[in-house]
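Working notes, beginning with the structure itself.
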Amino acid sequence: MSEASRPRDAFLEELRWRGFFQQCTDEAGLADLLARETVTAYIGFDPTADSLHVGSMLPIMGLVHLQRHGHKPIAIAGGGTAMVGDPSGKTELRQLLTVEQIEANLRGIKAQLARFVDFGEPGLADLPHGPVVQAGPDNRGILLNNADWLADKNYIEFLRDVGRHFSVNQMLARDSVKTRLEVGLSFIEFNYMILQAYDFYVLNRDHGCRLQMGGNDQWGNICSGVDLCRRLNQQEVYGLTFPLLATATGAKMGKTAAGAVWISPERTSPYDFFQYWVNVDDRDVSRFLRLYTLLDRERIEELEALEGADIREAKRALARAATALVHGPEAADAAAKAAVALFVGGGDESTVPGTAIDPGRLAGAGLELLEALTETGLCKSKGEARRLVRQGGVKVNDAVVADETRRLTASDVADGRIRLQLGKKRHHHLVPREAP
RNA sequence: GGGGGGGUUCCCGAGUGGACAAAGGGAACAGACUGUAAAUCUGUCGGCGAACGCCUUCGGUGGUUCGAAUCCACCCCCCCCCA
């Protein structure tokens with residue numbers, strides 16, 4: 001990319017106005033570097049599950065912006081470091097994963113990352129739409145597993161080559177360690193920052209990586225890596241962190257009562273994903289528009305100007321854009337339509353989450369409603385389902401159910417489905433279908 | 001290795017022989033109010049059951065007792081101090 005088309009710190013500027021910028025090891029130095037050349041930067045992702053969730057979307061978007069500005073992203077799936085467990089931001093010892101779990105998780109995560117970043121490998125992504133960024137030949141992304149260079153490391157050798165550059169005094173002073181000192185920190189976790197620093201060193205050495213980004217809880221680990229690169233490679237490298245997000249009510253980003261909001265459509269349906277964004281707190285809309293969509297600044301500011309009930313329009317735009325990023329524009333449209341159908345009335349409800357049931361169970365006396373509610377996972381137990389009914393929180397085909405012994409029969413089926421509603425906004429369809 | 005303090009229901013945290021499915025708070029859920037928001041108010045918040053009730057739970061395993069989250073023994077785990 002030519003000098004002219006790369007304003008001095010367009011990337012940093014975008015991170016700043018969008019709210020990605022928390023702190024940087026050397027802002028001026030990094031800005032100069034970004035202006036001079038195509039910079040290779042990396043972010044690590046923990047394969048703690050087979051899918052990423054909304055919480056990981058922030059760093060992912062960091063890579064997206066990086067690549068959009070012509071720089072080269074590296075995503076590390078931490079197959080090696082996951083063996084150890086990062087103590088940062090955790091209050092207690094993390095459960096160690098087995099090698100098999102980690103490998104299975106890596107496969108899922110890699111495919112998801114490829115939805116966002118162009119790794120130049122067409123077969124990689126499992127998404128219907130392409131990566132949201134199109135890269136040129138010099139800034140295609142790289143996807144690596146740090147197990148490749150960590151797994152076979154010899155302990156003694158590692159201690160001598162890498163360990164001697166670490167000061168325990170300094171490690172103890174890191175916030176990530178300090179906060180854990182009171183509740184306990186195992187030696188294996190204590191080592192995590194060394195491994196992460198080593199990642200940075202390897203990436204710098206082998207891929208010319210000059211920047212590591214991550215959540216602010218990674219600051220200590222990132223600084224360790226910057227130091228290590230300086231010592232071992234005599235290279236000036238940089239670190240930049242994103243803020244740790246909480247919602248306006250103080251909850252962790254991307255968590256709902258039902259658990260995390262996942263990127264995988266199997267774990268969180270596109271409809272539920274869309275609803276997550278529609279239901280965010282008013283106070284979060286502006287930040288989220290900036291962080292989780294690629295809408296341009298002008299459009300976002302327009303949406304931010306909305307007040308009162310009109311904020312819902314901004315939420316819909318947010319939901320539409322975020323869902324389109326993760327599940328593709330078609331899925332986003334379908335989810336939006338389903339939402340209109342359910343909350344406004346009329347229209348296409350086909351993407352409302354549903355469960356197939358054997359039509360035979362609706363014959364005769366039919367199926368107990370309470371049972372249907374637990375079987376579909378809408379309620380954890382029949383007790384909970386019963387409670388809901390007693391409180392007037394259950395509707396079948398838009399009619400409040402007063403009778404907790406209510407049974408569902410074939411006569412409840414309309415348009416090929418029985419429509420269940422819990423509370424004001426949880427919708428689910430029961431679809432009679434022969435089991436295969 | 002020695003001494004001290006702990007492990008309670010989703011989380012925090014009371015409870016030290018029966019009235020305990022276990023105070024209180026938070027989270028969560030439902031209802032009212034609203035804008036599929038927030039705040040507020042009300043209710044619910046282990047499982048089964050229409051209900052009387054029954055069953056499972058207080059780190060683990062045994063024991064004492066008519067009866068144990070509460071007492072005893074051993075074990076596991078965590079924190080602090082000393083070595």
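Here is how names work: the chains are called A, B, and so on, in the same order as the sequence lines, proteins then strands, and each is numbered from 1.
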Sticking with atom [atom1], work out how far [N] lies from [M], rounded to a whole angstrom.
| N | M | atom1 | answer |
| --- | --- | --- | --- |
| B/G43 | B/C33 | C1' | 15 Å |
| B/U16 | B/C71 | P | 9 Å |
| B/G17 | B/A22 | C1' | 15 Å |
| B/C10 | B/C77 | P | 23 Å |
| B/C41 | B/A27 | P | 12 Å |
| B/C54 | B/G63 | P | 25 Å |
| B/U8 | B/G46 | C1' | 14 Å |
| B/G1 | B/C74 | P | 16 Å |

Tell me whether the side-chain N/O atoms of [X] come closer than 4.0 Å to OP1 or OP2 in [N].
| X | N | result |
| --- | --- | --- |
| A/K424 | B/G31 | yes |
| A/S381 | B/C48 | yes |
| A/R387 | B/A30 | no |
| A/K425 | B/A37 | yes |

Does any donor-acceptor pair link the side chain of [X] with the base of [N] at a separation under 3.5 Å?
| X | N | result |
| --- | --- | --- |
| A/D282 | B/G35 | yes |
| A/Q391 | B/G31 | no |
| A/Q275 | B/U36 | yes |

Should [N] form a Watson-Crick or G-U wobble pair with both distances under 3.5 Å, which nucleotide is its partner?
| N | value |
| --- | --- |
| B/G43 | B/C29 |
| B/G24 | B/C12 |
| B/G49 | none |
| B/G1 | B/C82 |

Measuring centre to centre across the rings, with the benzene-like ring taken for any Trp, is [X] within less than 6.0 Å of [Y]?
| X | Y | result |
| --- | --- | --- |
| A/H65 | A/F20 | yes |
| A/Y201 | A/Y198 | yes |
| A/F343 | A/H427 | yes |

Atom-pair distance ([atom1] on [X]; [atom2] on [N]), nearest Å:
| X | N | atom1 | atom2 | answer |
| --- | --- | --- | --- | --- |
| A/K382 | B/A51 | NZ | P | 12 Å |
| A/R386 | B/A50 | CZ | C1' | 8 Å |
| A/R316 | B/U36 | CZ | P | 9 Å |
| A/E404 | B/A51 | CD | C1' | 10 Å |
| A/D284 | B/A37 | CG | C1' | 10 Å |
| A/D281 | B/U36 | CG | P | 15 Å |
| A/Q421 | B/C29 | CD | P | 15 Å |
| A/E384 | B/A28 | CD | C1' | 10 Å |

May I have the list of side-chain donor-acceptor pairs in residues 418-425 of chain A shorter than 3.5 Å, sequence neighbours left out?
residue, atom, partner, partner atom, Å
A/R419, NE, A/E349, OE1, 3.0
A/R419, NH1, A/D398, OD2, 2.8
A/R419, NH2, A/E349, OE2, 3.1
A/Q421, NE2, A/G423, O, 3.2
A/Q421, NE2, A/K424, O, 3.0
A/K425, NZ, A/N279, OD1, 3.3

How are the rings of A/W277 and A/Y292 set to each other: parallel, tilted or perpendicular (split at 30° and 60°)?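 Aromatic pair A/W277/A/Y292 classed tilted.
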Is it true that [Y] and [X] share a donor-acceptor pair across their side chains at a distance under 3.5 Å?
| X | Y | result |
| --- | --- | --- |
| A/N146 | A/D199 | yes |
| A/T355 | A/H429 | no |
| A/R386 | A/S381 | no |

May I ask you to say what A/V394 touches in the nucleic acid, namely base, sugar-phosphate or nothing, with a heavy-atom cut-off under 4.0 Å?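 Answer is nothing: A/V394 stays at 4.0 Å or more from every strand.
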Using heavy atoms to find the nearest nucleotide of RNA chain B for A/T374 and A/V278 separately, return the residue whose nucleotide is more 5′.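 It is A/V278, whose closest nucleotide lies nearer the 5' terminus.
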Give, for atom CG of A/L12 and atom CD of A/E27, the distance between the pair rounded to the nearest 0.5 Å.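 If we round to the nearest 0.5 Å, A/L12:CG and A/E27:CD are 6.5 Å apart.
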Shortest side-chain distance from A/R390, nucleotide among B/A51, B/G35, B/U36: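 The answer is B/A51, which lies nearest to the side chain.
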Let me have a per-nucleotide readout for nucleotides 52-57 of chain B, 5' to 3', with B, S or -, counting only protein heavy atoms under 4.0 Å. ------
